[in-house]
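Take a look at the structure below.
One is the number of the first residue; the rest follow in order along the sequence.
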Amino acid sequence: MLRNLVLASAGSGKTERIVSDAIERYRQGQTVLIITYTENNQTELEQRISTVLGAVPNRIRIKGWFTFLLEDLIRPYQQVFFETRIENINFNSNNPHQIPGRKFM
């Protein structure tokens, strides 16, 4: 199993590399998970992959950071600690990333 973290400055070709690597691995029969922080980058990745493959195949998953946290880290283990389902992540007023009037889900 290959795991990569790509950190680079703006305009350096990060998205292009991520897309080309994902498509290459998909064509080799592998399953790919791409985690990104912003919704804009999720959309960009989906559009670029769809341009090459016609659509985002089910073996390529593109998730936002908070979706990844909920679906893959919190919910699988929540019954150990809580009886009710965790629906979302709520930030307090000290969160520098919170956009007024916007909920993260």
For L73, enumerate each residue passing the side chain to side chain contact (heavy atoms under 4.5 Å, CB included) test, keeping only those at least two apart in sequence or located in another chain. F68, L69
Quiz: residues 52-61 side-chain donor-acceptor pairs under 3.5 angstrom, not counting sequence neighbours:
| from | atom 1 | to | atom 2 | distance (Å) |
| --- | --- | --- | --- | --- |
| R59 | NH1 | Y26 | O | 3.2 |
| R59 | NH1 | G29 | O | 3.3 |
| R59 | NH1 | Q30 | O | 3.0 |

Check side chain to side chain contact (heavy atoms under 4.5 Å, CB included) between L45 and all other residues, then give those that pass, not counting sequence neighbours. T15, I18, V19, I34, T36, N41, I62
Not counting sequence neighbours, which residues clear side-chain hydrogen bond (donor to acceptor under 3.5 Å, both in side chains) with Q47? List them please. none
At what distance, to the nearest 0.5 angstrom, does CZ of R27 lie from CD1 of I23? 6.0 Å
Separation between CD of Q42 and CG of N40, rounded to the nearest 0.5 Å: 9.5 Å
Could you work out, with side-chain hydrogen bond (donor to acceptor under 3.5 Å, both in side chains) as the rule, every residue matching K63, not counting sequence neighbours? E71, D72
Just wondering, more than 12 heavy atoms not from R75 lying within 6.0 Å of its CZ? yes
Salt bridge (Lys or Arg N to Asp or Glu O under 4.0 Å) filter on E44, not counting sequence neighbours, yields R48
First locate atom OG of S9, then atom NZ of K14, and finally report the distance between them rounded to the nearest 0.5 Å. 6.0 Å
S12 side chain vs A8 backbone, donor-acceptor pair below 3.5 Å: no
Value rounded to 0.5 Å, distance of CD in E39 from CH2 in W65: 16.0 Å
